[in-house]
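Report on the structure given below.
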Amino acid sequence: MDMRNAANVRRLANQYAAQLQQCCPHNPMSYSIARTVHAHMIASGFKPRGYILNRLIDVYCKSSDLVSAHHLFDEIRQPDIVARTTLIAAHSSAGNSNLAREIFFATPLGIRDTVCYNAMITGYSHNNDGFGAIELFRDLLRNGFRPDNFTFTSVLGALALIVEDEKQCQQIHCAVVKSGSGFVTSVLNALLSVFVKCASSPLVSSSSLMAAARKLFDEMTERDELSWTTMIAGYVRNGELDAARQFLDGMTEKLVVAWNAMISGYVHHGFFLEALEMFRKMYLLGIQWDEFTYTSVLSACANAGFFLHGKQVHAYILRTEPRPSLDFSLSVNNALATLYWKCGKVDEARQVFNQMPVKDLVSWNAILSGYVNAGRIDEAKSFFEEMPERNLLTWTVMISGLAQNGFGEESLKLFNRMKSEGFEPCDYAFAGAIIACAWLAALMHGRQLHAQLVRLGFDSSLSAGNALITMYAKCGVVEAAHCLFLTMPYLDSVSWNAMIAALGQHGHGAQALELFELMLKEDILPDRITFLTVLSTCSHAGLVEEGHRYFKSMSGLYGICPGEDHYARMIDLLCRAGKFSEAKDMIETMPVEPGPPIWEALLAGCRIHGNMDLGIQAAERLFELMPQHDGTYVLLSNMYATVGRWDDVAKVRKLMRDKGVKKEPGCSWIEVENKVHVFLVDDIVHPEVQAVYNYLEELGLKMRKLGYIPDTKFVLHDMESEQKEYVLSTHSEKLAVGFGLLKLPLGATVRVFKNLRICGDCHNAFKFMSKVVEREIVVRDGKRFHHFKNGECSCGNYW
DNA sequence: GTAGGGTTAG
């Protein structure tokens, strides 16, 4: 090598070293400096070694670019222990414990040191492998390395994962004292967290362990931020919020981190007002807020729906943080995007997102959730495809979003695509797919998912269990839903609500209310949805007195202010029972302006009882409020048709045509041998429909012998009565039931699903059918279930 | 040690 070249290399080396020295955690430009320097090295043919190489690896690691770091590492023939340790530590904290282990065990014993052991022990802990960490600690001792304070700290971190009782905690305490590290704050902090984590195990007495932790804390000669926050977070974890607060109030020093821990505890437990109050108090006491404070408080606002408070915090941040660091900007902007979408302002959330200097998966997922939640499925779909990366949560949001918005098939397809792209579905993803089956009434498919859940060990999952209850109920198998409800290891209010609703929809009104009473007895607090369900049940079962009583108890006993939907249920209840003047009174005196749900309930009630005047009034209000809604026109024309006012029927139809409103076509479907068969009115598409027509005709003769007479008032056009009977006999629900009777094994229950309400004549016909064929026929219509058995229907002709 | 996603019920 000639002298000039050697000098040049030295000059470059000095220059690179100086440039890389500017890279430090506080410098937001670190990563781009490293990239530039690195590119320059490649261009000038400079081969980095030693310090420069290790610095480069270090900066890449600290900037989370592990790919580049590992790439550089692989180019070195014999990396030194510093390079190895840097990468082991980085992989460890990123959760790539496999890669960390690979490097560690490829490191010859001769060059290992305590530091690299420490990094690897931490790696095991990060991967929740407490035993692996302890094993490696033993290896360290066996090979004659001296554990240092970092070693003890990381080993304690691992022990925190596996300790089982107070006795073990005390033994570990003794070992720490014996090791001579009993005065080192960082080691004692780690010991504190062993106690605190053990306290949250369901097998031990948390109060006694927290007391032991408190004793340890009090005996510490020196305490740092971590000691305080460990204690507060410990109390919070164990649900002792008051103790945490007392502890915090006893602090002479006002540490932001400690306050943050308290605020996030409040948020976590749903005490949003308390969180806001603390935020205010921090201002009064002059404790400087940081990004953790902001994110927690914004989360409180988002979850409590305090939109205006959240907006104020946003404005304050914009005013006081003109040049936020990237970390600050990322976390706070994510919290802001979440605030906006949860308050129903997706477009504002998107605005925040668009202006973010850096984004991560959390940001993308927030916007996706926003679109899904707003029912803007098309935008959600394209946003989903645009995403640079996805995680379990992304898939879950999209799968359940599709299911909830009626795209059942697409939802199930996405569930399969998720698996094919290498994501193992979690219980939440299963819940989404199961709900898709519920809407599709795809019982077989739902059962298969249930079986997979059990196989994967998710059978004690609350979310999946609740989804299964709903699925079985919506597929017409209440017994399966009930059985699941009785055997689930944990239940929450959602489970109770789902089960009560299931019983109510299937006509078991008394049982539903019994379950509701049991819920109260078990001290499960009913929420607004519980009451919606209970009121619907009363309405389906015609229980006016009970309905009134429960409605009153809502605000009287449980402090839940009835919303418009609750009033709508009451109107429904009263109208069905023919109590129109009471219903009118309620509409006139209710505290909120009556909207579409109220008038719809009134109209539906009027139709049942043929109350023309009131029905027309309700319909007029609905025409004003939602002129494009097909249901109103259909109900009104039904009303006219029942009393033979065919001129008015024609007028309504013309009105519909003029406004361009189309009636949703009726369709029914049935699952046979894992395949869904769909039928439309007067179907000619289904390949086997002719056989169904023949069978129904044959069945019709037997039914007539038992007294069945086609009820032609359910035909809405004015035509000859023979023709009317023909139209009735081609209704989609009759075809689906006929197909089921033909195809399903003898004696098996026939389960048919219809998008709209069942027609009155079909309802009557199925009663006779169930008697003739001696089988149970279950029909789910747009509103509820009908179980036909021995000539009777579970709805008691009240629907 | 403190934050920023999800799910199920009408």
Side-chain angles (χ1 to χ4, degrees), chain A residues 189-190 192-193 196-197 224-234 236-237 255-265 267-268 290-300 302 327-328 330-339 341-342 360-370 372-373 391-401 403-404 426-435 438 461-471 473 491-502 504-505 526-537 563 565-566 568-569 597 783:
Chain A
N189 285 343
L192 263 185
S193 79
V196 157
K197 283 198 180 130
D224 63 6
E225 296 190 352
L226 189 55
S227 331
W228 290 96
T229 34
T230 305
M231 283 306 293
I232 292 175
V236 167
R237 260 176 93 111
L255 292 173
V256 208
V257 265
W259 281 67
N260 287 345
M262 191 66 232
I263 293 183
S264 82
V267 175
H268 190 82
D290 68 6
E291 74 246 50
F292 286 92
T293 328
Y294 289 129
T295 44
S296 291
V297 165
L298 287 171
S299 161
D327 270 355
F328 179 95
L330 181 63
S331 54
V332 172
N333 278 323
N334 281 342
L336 282 169
T338 307
L339 168 79
W341 84 252
K342 283 209 174 158
D360 64 1
L361 246 177
V362 178
S363 337
W364 286 86
N365 283 341
I367 302 302
L368 184 71
S369 306
V372 163
N373 198 266
N391 64 2
L392 260 180
L393 193 139
T394 320
W395 292 98
T396 319
V397 169
M398 199 62 213
I399 289 170
S400 36
Q404 292 279 340
C426 60
D427 52 342
Y428 288 123
F430 268 100
I434 290 167
I435 288 306
S461 154
L462 195 56
S463 47
N466 289 343
L468 282 170
I469 293 180
T470 312
M471 187 276 291
L491 297 171
D492 63 1
S493 62
V494 177
S495 333
W496 287 86
N497 291 350
M499 196 60 232
I500 295 170
Q505 289 163 345
D527 55 20
R528 46 185 311 282
I529 293 181
T530 319
F531 281 103
L532 280 180
T533 311
V534 167
L535 292 177
S536 299
T537 299
D565 33 8
H566 294 101
R569 297 295 196 283
K783 288 278 173 192

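Just so we're on the same page: letters track the sequence lines, and every chain starts at 1.
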Sugar-phosphate only, base, or nothing, as touched by [X] at under 4.0 Å among non-hydrogen atoms:
X: A:Asn391; value: base
X: A:Ser331; value: base
X: A:Asp290; value: nothing
X: A:Asn333; value: nothing
X: A:Ile435; value: sugar-phosphate
X: A:Thr396; value: base
X: A:Glu291; value: nothing
X: A:Arg528; value: nothing
X: A:Val257; value: base
X: A:Asp527; value: base
X: A:Ala366; value: nothing

Worksheet item: Minimum heavy-atom separation for A:Ala261 to A:Ser264, with atom names?
Response: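 The pair with the smallest heavy-atom distance is O-OG, 3.2 Å.
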
Discussion item. Do A:Leu491 and A:Met499 have side chains that approach each other closer than 4.5 Å (heavy atoms only, starting at C-beta)?
Written reply: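 No - every pair of side-chain heavy atoms lies 4.5 Å or more apart.
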
Taking only residues two or more places apart in sequence, or in another chain, which ones meet [X] in a side chain to side chain donor-acceptor pair (under 3.5 Å)?
X: A:Ser363; answer: A:Asn334, A:Asp360
X: A:Asn373; answer: none
X: A:Ser536; answer: A:Arg569
X: A:Asn333; answer: A:Ser329

Item to complete: Under the ring pair (Phe, Tyr, Trp, His ring centres under 6.0 Å) rule, collect the residues that match up with A:Trp341, sequence neighbours excluded.
Response: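 Per chain and number, A:Trp341 pairs via ring pair (Phe, Tyr, Trp, His ring centres under 6.0 Å) with no residue.
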
Fill in: Chi class for B:dG5: syn within 90° of 0, otherwise anti
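B:dG5: syn.
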
Worksheet item: Does anyone know the first and last nucleotide of DNA chain B in reach of chain A, 5' to 3', at under 4.0 angstrom to a heavy atom?
Response: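 Extent of the interface on DNA chain B: B:dG1 to B:dG10.
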
